[in-house]
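Accompanying notes for the structure given below.
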Amino acid sequence: MNVPDTVPSSVPGRDWYARPVLDVARDLLGATLTTRTPDGIVGLRLTEVEAYDGTTDPGSHAYRGPSRRNATMFGEPGRLYVYRHLGLHHCVNVVCGPEGEASAVLVRAGEVVDGADLARSRRLASGVARTDRDLARGPARLAVALGLDLSDDGADVTAPEGHVVLRHPLVEPVETPAVIRTGPRVGVSGDGGRADLFPWRFWLDAEPTVSAYRAAPART
DNA sequence: GGTACGATTGTCT
DNA sequence: GACAATCGTACCT
């Protein structure tokens, strides 16, 4: 794979995810999520995420308590929660916080840093050709690029030999310190229209791969 | 067993 | 910028 060994990185253990969801969300920016499938490897440097704070967060799938769909959120941190949206798209989350709290970070966008050819062919197979910048710009495109679907729900990202692995850089790049920006979450309508109360979207400033903000449709 | 609704995207105007 | 597409899940009867 192309990820050079000279870039110090580690695979955080379960405890790393068992922290407050806002801390984990912030720390996930710049980390790389890598999927290994029979047809190859795709690595993604995360540039945009959103935090969902378990059963106390009206915007979270966990707000109404455990169900078959969100069971993974109530389980161990450090696992993938994948769900289908609008019957068309998949969205990928990383479960965090203490087990049972059901907090999760939605992975919204990233920059393909490995396996761009494979990511591109997956995107082509799913529809229309796009620029490389769009390969993983938006949660559904990101899932396609990484080749993730419902069968990956519950996958453990803390296992270095697993088929989905999250790596975290041990040291921040000194020359290009990451500027982290925050804002209202995208498309969350369960917050009573008060998206401003939950400025829990985090992204890396000046990243072309960050998806465009769209407010949730007003709820009647 | 039926119905309403969505953490979005692509396409058309 | 606006809108249709499309189906699993939750919630109701």
Side-chain angles (χ1 to χ4, degrees), chain A residues 21-22 24-26 28-29 33 44 46-75 79-97 101-110 112 119-120 122-154 181-203 208-220:
Chain A
V21 61
L22 295 180
V24 178
R26 205 173 278 269
L28 279 174
L29 291 174
L33 188 60
L44 197 71
L46 306 184
T47 57
E48 182 186 2
V49 299
E50 278 178 12
Y52 289 85
D53 194 15
T55 54
T56 61
D57 177 359
S60 170
H61 281 175
Y63 185 57
R64 296 169 196 271
S67 69
R68 201 164 78 188
R69 172 172 64 154
N70 64 22
T72 306
M73 295 180 86
F74 288 84
R79 289 186 180 272
L80 238 45
Y81 167 51
V82 182
Y83 67 93
R84 185 178 274 272
H85 179 58
L86 288 181
L88 296 167
H89 316 293
H90 296 290
C91 293
V92 179
N93 301 250
V94 180
V95 178
C96 57
E101 191 183 285
S103 296
V105 175
L106 170 67
V107 183
R108 289 193 53 86
V112 175
R120 206 174 294 122
R122 281 175 176 152
R123 293 278 297 135
L124 281 167
S126 76
V128 191
R130 291 289 167 184
T131 64
D132 282 5
R133 171 198 181 220
D134 284 335
L135 282 178
R137 182 171 181 256
R141 299 178 209 181
L142 178 148
V144 170
L146 286 177
L148 293 171
D149 60 28
L150 288 181
S151 68
D152 298 293
D153 185 44
R181 307 192 65 89
T182 66
R185 295 181 294 189
V186 177
V188 176
S189 56
D191 53 16
R194 302 303 308 276
D196 53 312
L197 294 180
F198 299 91
W200 291 349
R201 187 164 74 106
F202 301 88
W203 68 94
T209 53
V210 171
S211 58
Y213 173 70
R214 249 187 268 188
R219 211 141 98 150
T220 52

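Letters A, B, ... mirror the listed sequences (proteins, then strands); counts begin at 1. Just so it is clear, the values below take in all heavy atoms, side chains as well, and ignore hydrogens, waters and symmetry mates.
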Self-check item: Check against side chain to side chain donor-acceptor pair (under 3.5 Å), A:Ser211 and A:Arg137
Solution: CA-CA 5 Å; A:Ser211 58; A:Arg137 182 171 181 256; over 6 Å; no

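Across all strands shown, the partner of B:dT9 is C:dA4, judged by Watson-Crick or G-U wobble contacts whose two distances both fall under 3.5 Å. Checking B:dG2 for Watson-Crick or G-U wobble geometry (two distances, each under 3.5 Å) identifies C:dC11 as its partner.
Using modelled atom types, one finds no donor on one side chain facing an acceptor on the other under 3.5 Å when comparing A:Thr209 with A:Arg133.
Looking at which nucleotide of DNA chain C each of A:Pro66 and A:Leu86 is closest to, the 5′-most match is held by A:Leu86.
No cation-pi contact links A:Arg69 to A:Tyr81, judged by a cut-off of 6.0 Å to the six-membered ring centre and 45° from its axis.
Looking at A:Asn93, A:Leu148, A:Asp153 one by one, the single match for side chain to side chain contact (heavy atoms under 4.5 Å, CB included) with A:Leu80 turns out to be A:Leu148.
What separates CZ of A:Arg64 from C1' of C:dC11 is a distance of 9 Å, to the nearest Å. The CG atom of A:Leu106 sits 10 Å away from the P atom of B:dA7 (whole-angstrom rounding). Computed from coordinates, the A:Arg137 CZ to B:dT9 P distance equals 10 Å when rounded to whole Å. Remark: P of C:dC11 and CZ of A:Arg68 are 14 Å apart, rounded to the nearest angstrom. Atom NE2 of A:His89 is separated from atom P of C:dA4 by 15 Å (rounded to the nearest Å). In this structure, A:Arg69 atom CZ and B:dG6 atom P are separated by 11 Å, rounded to whole Å. In this entry the distance linking NE2 of A:His90 with P of B:dT9 reads 13 Å, nearest Å. For the pair A:Glu48 CD and B:dA7 C1', the computed distance is 12 Å after rounding to whole Å.
Taking 4.0 angstrom as the limit, A:Arg108 places none of its side-chain polar atoms (N or O) nearer than this to OP1 or OP2 of B:dA7. Regarding contacts with the backbone of B:dA7, a side-chain N or O of A:His61 is found under 4.0 angstrom from either OP1 or OP2.
When the nucleotides C:dT6, B:dT8, B:dA7 are ranked by their closest atom to the side chain of A:Met73, B:dA7 comes out on top. Looking at the side chain of A:Arg141, the nearest of the listed nucleotides C:dG8, B:dT8, B:dT9 is B:dT9. For A:Arg123, taking side-chain heavy atoms from C-beta onward, the closest of the listed nucleotides B:dA7, B:dT8, B:dG10 is B:dG10.
No close placement of the A:Tyr52 and A:His61 rings is indicated, their centers lying 6.0 Å or farther apart.
The aromatic ring of A:Tyr83 is not stacked on the base of C:dG8, since the criterion of ring centres less than 5.5 Å apart with planes inclined by under 30° is not met.
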